[in-house]
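Both backbone and side-chain heavy atoms feed into the values below; hydrogens, waters and symmetry mates do not. Note on naming: letters A, B, ... go to the chains in the order of the sequence lines (proteins, then strands), and numbering restarts at 1 for each one.
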Number of protein chains: 2
Amino acid sequence: MKMTTKGRYGLRAMVELARYYEKEEFISLKSISQKQGIPENYLERLLAKLRKASLVETHRGTQGGYRISRSPEEINVYDILFAVGEAIYLVECTNNKSLCHMQDYCPSNVVWSKMAQQIEDVAKKTYLDELI
Amino acid sequence: MKMTTKGRYGLRAMVELARYYEKEEFISLKSISQKQGIPENYLERLLAKLRKASLVETHRGTQGGYRISRSPEEINVYDILFAVGEAIYLVECTNNKSLCHMQDYCPSNVVWSKMAQQIEDVAKKTYLDELI
DNA sequence: CCTATACCCAATTGAATTAGTAGGGAATTA
DNA sequence: TAATTCCCTACTAATTCAATTGGGTATAGG
Ligand code: FES
Ligand code: FES
């Protein structure tokens, strides 16, 4: 039961960007990738998703880069996980009932769903400004 | 972020066994594996771990099999996950600080730890008797 | 206008972990 | 003594995740 790099790297990148919110300057991919020790091209794809979700904005060319597009107070961890495509369920059955071995009611699923719900709650309650 | 089959199968097997607690009879591996749709040889390994953790007891030969060794009221989901070796942390860093990219303090880790704690709480609060 | 910068994007490969299989052994009962 | 059923280790297959490759396009500055 582990978070994938999508979620891990995604949050770390956003925390990094959130630090520069006030300055309004763009931070290059290279800079983020070096500071956070994340492969450049891999991180690039995550930032692309974050951009499509309007959590960051970009600017090309010299002095270009990425910056957070809203105040850190308005972005929570759930937004980030959702944007990068980190799934928040613990067993497939929770999402896709047809995959479940028990057709009608699965006792185990009660537990897995409850856990997933808790995770989601933490993610939704935690905003970026609390992390910097 | 998914639970592995260790946890999934493990809990399902235990729920199955818990149903027969009153009868005190042994249930064969074959029977559990068929009812739950879990590969026999794979499940066997999980049951071996559950036995080593004293959550189930076994008997060989004809009419032999597995049975739960304590009342379902006394076994919680955490016991089971721990026994089968399902890790309850979401990022490696939470367990092994030396793997963490940020030496002293990692903002992200605050979130991952909190989530893991929630999962652990649910696991510890949920007893088998509530699931049957 | 031209060049360096830096984001943009798809496809592929590589690595790691997980899931499942195979097969021989030992205890118990009828 | 034969059938049953747990016991145990090693191996293989499958899947998923992580990372790389390599080319493209917009922008700014000289
Ligand atoms: S078999 Fe699907 S959650 Fe139980
Ligand atoms: S890098 Fe280890 S939890 Fe942040």
(message) Can you say whether a donor on the side chain of A:R60 sits under 3.5 Å from an acceptor on the base of D:dT25, or the other way round?
(response) yes
(message) If the threshold is 4.0 Å, N to carboxylate O, is there a salt bridge linking A:K30 and A:E40?
(response) no
(request) Please report, rounded to the nearest Å, how far the P atom of C:dA19 is from the CD atom of A:E92. (result) 12 Å
(message) Within a 6.0 Å radius of atom CD on A:E25, are there more than 12 heavy atoms belonging to other residues, nucleotides or ligands?
(response) yes
(message) With a 4.0 Å limit, can you tell me whether A:R51 has a side-chain N or O closer than that to the phosphate oxygens OP1/OP2 of C:dC8?
(response) yes
(message) Any N or O donor-acceptor pair under 3.5 Å from the base of D:dC7 to the side chain of B:E44?
(response) yes
(message) At 4.0 Å (heavy atoms only), tell me whether A:I27 reaches a base, stays on the sugar-phosphate, or touches nothing.
(response) sugar-phosphate
(request) Measure from NZ on A:K2 to P on C:dA16 and round the result to the nearest Å. (result) 13 Å
(request) Please figure out whether A:A48 or A:G61 has its closest DNA chain C nucleotide nearer the 5' end. (result) A:G61
(message) Counting only side-chain nitrogens and oxygens, does B:T58 get under 4.0 Å of the OP1 or OP2 atom of D:dC7?
(response) yes
(request) Give the rounded distance in Å between these two atoms: CD1 of A:I38 and P of D:dT20. (result) 13 Å
(request) Write down the distance between NZ (A:K49) and C1' (C:dC7), rounded to a whole number of angstrom. (result) 17 Å
(message) I want to verify a distance call: between C:dC7, D:dA18, C:dG20, whose nearest atom is closest to the A:R8 side chain?
(response) D:dA18
(message) Give me the atom names and distance for the closest heavy-atom approach of B:W112 to B:L90.
(response) O-CD1, 4.2 Å
(request) Would you kindly compare B:G65 and A:E40 by the position of their nearest DNA chain D nucleotide and give the one closer to the 5′ end? (result) B:G65
(message) A quick test of your reading: do over 12 heavy atoms of other residues, nucleotides or ligands sit less than 6.0 Å from CZ of B:F26?
(response) yes
(message) For C:dT18 and B:Y9 - does any side-chain N or O of the residue sit under 4.0 Å from the phosphate oxygens OP1/OP2?
(response) no
(request) May I ask you to check whether over 12 heavy atoms, not counting those of A:E73, lie within 6.0 Å of atom CD? (result) no
(message) By nearest heavy atom, map A:K52 and A:T62 onto DNA chain C; which one lands nearer the 5' end?
(response) A:T62
(request) Would you indicate what A:Y66 reaches in the nucleic acid, counting non-hydrogen atoms under 4.0 angstrom: base, sugar-phosphate, or nothing? (result) sugar-phosphate
(message) Whole angstroms only, please: what is the NZ-C1' distance between B:K30 and D:dC7?
(response) 17 Å
(request) Please check if atom CD in A:E74 has more than 12 non-hydrogen atoms from other residues, nucleotides or ligands closer than 6.0 Å. (result) yes
(message) Tell me the interatomic distance from A:M1, atom CE, to D:dT16, atom C1', rounded to whole angstroms.
(response) 18 Å
(message) If I take atom CZ in residue A:R45 and atom C1' in nucleotide D:dC17, what distance separates them, rounded to the nearest angstrom?
(response) 11 Å
(message) In whole Å, I'd like the distance from the NE2 atom of B:H59 to the C1' atom of C:dA30.
(response) 12 Å
(request) Measure from the side-chain heavy atoms of A:T4 and tell me the nearest of C:dT21, D:dC8, D:dA18. (result) D:dA18
(message) OP1 or OP2 of C:dA19 versus the side-chain N and O atoms of B:T5: is any pair under 4.0 Å?
(response) yes
